[in-house]
S.K.: 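Okay, handing you the structure first.
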Amino acid sequence: MTAPTRRDGPVPDAHRPGRVVVVAGTATEIGKTWVGARLAEALRVNGFRVAARKPVQSFEPGAGPTDAEVLAAASGEEPEVVCPSHRWYPVAVAPPMAADVLGRPPIRLADLVAELAWPSPVAEVGLVETAGGVRSPLADDGDTVALATAIAADLVVLVADAGLGTINAVRLAADVLADAAVPVVVVLNRFASDDDLHRRNAAWLRAEGRIVRTDVEHLVADVAGAR
């Protein structure tokens with residue numbers, strides 16, 4: 001199967017990367033940040049200029065590096081560039097809930113989109129990592145589907161577990177992502193080639209016509225072809 005092609009959409013930012021890729025997940029703690037960071041590293045090794053962005057993050061203080069810090073280490077940027085410091089919410093619940101717990105203003109999707117600042121010279125690939133699953137709230141008025149639509153994403157990398165429940169989770173997430181009219185590549189994280197269930201899940205999803213990857217290296221070609 002050939003690499004997916006980008007839908008037509010507005011390109012409002014002169015510094016917008018040549019390809020904007022949303023890294024989403026079927027659930028929380030599914031490995032979005034790990035996949036996003038490894039993809040950034042692989043792209044850079046292959047000569048691409050990469051920028052990583054996490055529009056908003058909530059986290060448990062002291063539980064290790066934040067998503068923005070992990071992505072920054074992979075893309076060669078500063079964590080506060082990856083995610084603006086005022087969008088760091090140190091409570092481990094969905095970002096708009098964290099803002100409410102902390103007594104901070106509501107989060108509006110339009111503000112998150114407006115705050116996506118891309119570097120100059122223009123990056124060839126911009127990776128935008130979301131939070132939670134595709135229907136988890138990123139803002140009081142928007143989720144991953146709304147964000148992907150608002151930024152006219154070229155591709156969604158949908159990270160899923162490789163084991164039990166994978167087919168259901170991927171189908172549900174891909175169905176709602178169809179609302180954004182963005183091509184989707186599924187990544188089965190923690191895939192073990194010697195695991196019969198993992199292999200069967202991958203084969204079933206591919207038989208449905210989905211693009212499925214079991215390692216990050218093959219994603220480089222998908223991202224390079226996303227236009």
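All values below were derived from every heavy atom in this structure, side-chain atoms included, with hydrogens, water molecules and symmetry-related copies excluded. Not measured: the values here are computed from a predicted model.
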S.K.: Return the minimal non-hydrogen interatomic distance between P17 and V20, and the atom names on each side.
M.R.: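 It is CD-CG2, 4.1 Å.
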
S.K.: Quick one: closest heavy-atom pair of V185 and L219, and the distance?
M.R.: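 Nearest pair, atom of V185 first, then L219: CG1-CD2, 3.7 Å.
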
S.K.: Pair F48, V223 - check side chain to side chain contact (heavy atoms under 4.5 Å, CB included), show working.
M.R.: CA-CA 10 Å; F48 288 88; V223 170; over 6 Å; no

S.K.: Looking at A51, is its backbone amide N or carbonyl O close enough to the side chain of E77 to form a donor-acceptor pair, meaning the two atoms are under 3.5 Å apart?
M.R.: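 Absent.
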
S.K.: Ignoring hydrogens and geometry, is there a side-chain-to-backbone donor-acceptor pair from R16 to I151 under 3.5 Å?
M.R.: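 Such a contact is found between R16 side chain and I151 backbone.
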
S.K.: Look at atom NE2 of H86 and say whether more than 12 heavy atoms of other residues, nucleotides or ligands are closer to it than 6.0 Å.
M.R.: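 Counting other residues, nucleotides and ligands, NE2 of H86 exceeds 12 neighbours.
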
S.K.: Drop me the distance from D215's CG to N189's CG, to the nearest 0.5 angstrom.
M.R.: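 So the gap between those two atoms works out to 11.0 Å.
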
S.K.: For D141, does its backbone N or O pair with a side-chain atom of R108 as donor and acceptor, under 3.5 Å?
M.R.: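 Side chain of R108 to backbone of D141, a donor-acceptor pair under 3.5 Å: no, none is there.
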
S.K.: Looking at every heavy atom in both W118 and H15, which two are closest together, and how far apart are they?
M.R.: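 That closest heavy-atom pairing would be CB-O, 3.2 Å.
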
S.K.: Do L71 and V81 belong to the same hydrophobic cluster, where Ile, Leu, Val, Met, Phe, Trp and Tyr are linked whenever their side-chain heavy atoms lie under 4.5 Å apart, directly or via other members?
M.R.: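 Each belongs to a different hydrophobic cluster.
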
S.K.: Can you find a pair of side-chain heavy atoms, one from L155 and one from R19, that are under 4.5 Å apart?
M.R.: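 Heavy-atom side-chain distance check fails, nothing below 4.5 Å.
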
S.K.: Are the side chain of Q57 and the backbone N or O of T66 linked by a donor-acceptor pair below 3.5 Å?
M.R.: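 Judged by distance alone, no pair lies under 3.5 Å.
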
S.K.: Using a strict 4.0 Å threshold on nitrogen-to-oxygen distance, state whether R44 and E41 make a salt bridge.
M.R.: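 Salt bridge: no.
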
S.K.: Are V145 and L109 joined in one hydrophobic group, where the rule is that I, L, V, M, F, W and Y side chains link up if heavy atoms are under 4.5 Å apart?
M.R.: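 Yes, one cluster joins them.
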
S.K.: Under the side-chain contact (heavy atoms from CB on, under 4.5 Å) test against L158, which residue among L177, V212, V23, V187 passes?
M.R.: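 The option that passes is L177.
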
S.K.: Does R200 CZ have over 12 foreign heavy atoms under 6.0 Å away?
M.R.: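 Result for CZ/R200: open.
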
S.K.: Measuring only between side-chain heavy atoms, which start at C-beta, is V134 closer than 4.5 Å to D143?
M.R.: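 Heavy-atom side-chain distance check fails, nothing below 4.5 Å.
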
S.K.: Is there a continuous path of hydrophobic side-chain contacts, each under 4.5 Å between heavy atoms, that joins V21 to V216?
M.R.: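 The answer is yes; both residues are in one hydrophobic cluster.
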
S.K.: Quick test of your reading of the model: are E115 and R53 salt-bridged, counting only N-O distances below 4.0 Å?
M.R.: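 Judged by the 4.0 Å cut-off on N to carboxylate O distance, E115 and R53 do not form a salt bridge.
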
S.K.: Output all residues satisfying salt bridge (charged side-chain N to carboxylate O under 4.0 Å, His left out) with R199, sequence neighbours left out; order by chain, then residue number.
M.R.: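 Testing R199 for salt bridge (charged side-chain N to carboxylate O under 4.0 Å, His left out), a comparison that skips the adjacent residues, returns D196.
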
S.K.: Is the shortest side-chain heavy-atom distance between R87 and D111 below 4.5 Å?
M.R.: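 They are in contact (side-chain heavy atoms under 4.5 Å apart), so the answer is yes.
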
S.K.: Side chain to side chain contact (heavy atoms under 4.5 Å, CB included), that's the test. Do D161 and I30 meet it? Break it down for me.
M.R.: CA-CA 6 Å; D161 189 66; I30 206 72; 3.8 Å; yes

S.K.: Keeping the roles fixed (side chain from S85, backbone from E80), state whether a donor-acceptor pair exists under 3.5 Å.
M.R.: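 No; judged by distance alone, with no hydrogens or angles, the pair does not exist.
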
S.K.: Would you call R190 and D195 a salt bridge, taking side-chain N to carboxylate O under 4.0 Å as the test?
M.R.: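 Looking at D195 together with R190, the answer is no, because their closest N to O distance does not fall below 4.0 Å.
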
S.K.: About how many Å separate CH2 of W34 and CG of D67, when rounded to the nearest 0.5 Å?
M.R.: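 CH2 of W34 is found 14.5 Å from CG of D67.
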
S.K.: Check for me, please, whether V56 and V91 land in the same ILVMFWY cluster - side-chain distances under 4.5 Å, paths through other members count.
M.R.: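 In one cluster with V56: V91, yes.
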
S.K.: To check you understand the geometry: which heavy-atom pair defines the closest contact between P84 and P55, and what is its length?
M.R.: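 Shortest heavy-atom separation between P84 and P55 comes out as CD-O, 4.3 Å.
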
S.K.: Is M97 reachable from F59 through a run of I, L, V, M, F, W or Y residues, each pair having side-chain heavy atoms under 4.5 Å apart?
M.R.: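 Result: no, two separate clusters.
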
S.K.: Rounded to the nearest 0.5 Å, how far does CH2 of W88 lie from CD of E69?
M.R.: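 Between E69 CD and W88 CH2, I get 4.5 Å after rounding to 0.5 Å.
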
S.K.: If you define the side chain from C-beta out and look only at heavy atoms, does anything of D179 sit under 4.5 Å from T149?
M.R.: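 Answer no - side chains too far apart.
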
S.K.: Could you tell me if the side chain of I167 sits less than 4.5 Å from the side chain of N201, heavy atoms only?
M.R.: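 The answer is yes, as the side chains (C-beta and beyond) meet within the 4.5 Å cut-off.
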
S.K.: Working to the nearest 0.5 Å, report the span between CD of E124 and CG of L43.
M.R.: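 E124 atom CD to L43 atom CG measures 9.5 Å (nearest 0.5 Å).
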
S.K.: Output the distance between atom NE2 (H198) and atom OG1 (T166), rounded to the nearest 0.5 Å.
M.R.: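 Going from the NE2 atom of H198 to the OG1 atom of T166 covers 7.0 Å.
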
S.K.: Out of curiosity, R135 CZ to L172 CG, how far, rounded to the nearest 0.5 Å?
M.R.: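 Rounded to the nearest 0.5 Å, the CZ-CG separation comes to 11.0 Å.
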
S.K.: Looking only at heavy atoms, which two atoms of P119 and A123 are closest? And how far apart?
M.R.: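 Here P119 and A123 meet closest at CG-CB, 4.2 Å.
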
S.K.: Working note: V125 + L39, criterion side chain to side chain contact (heavy atoms under 4.5 Å, CB included); need CA distance, chi angles, decisive distance, verdict.
M.R.: CA-CA 11 Å; V125 178; L39 177 57; over 6 Å; no

S.K.: Compare every heavy atom of T26 with every heavy atom of A173, then report the nearest pair and how far apart it is.
M.R.: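 Scanning both residues completely, I find the closest heavy atoms to be CB-CG2, 4.1 Å.
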
S.K.: In chain order, what residues pass the side-chain contact (heavy atoms from CB on, under 4.5 Å) check against T130, with sequence neighbours excluded?
M.R.: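 Listed in chain order: V22, A24, K32, L138, T144, L147.
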
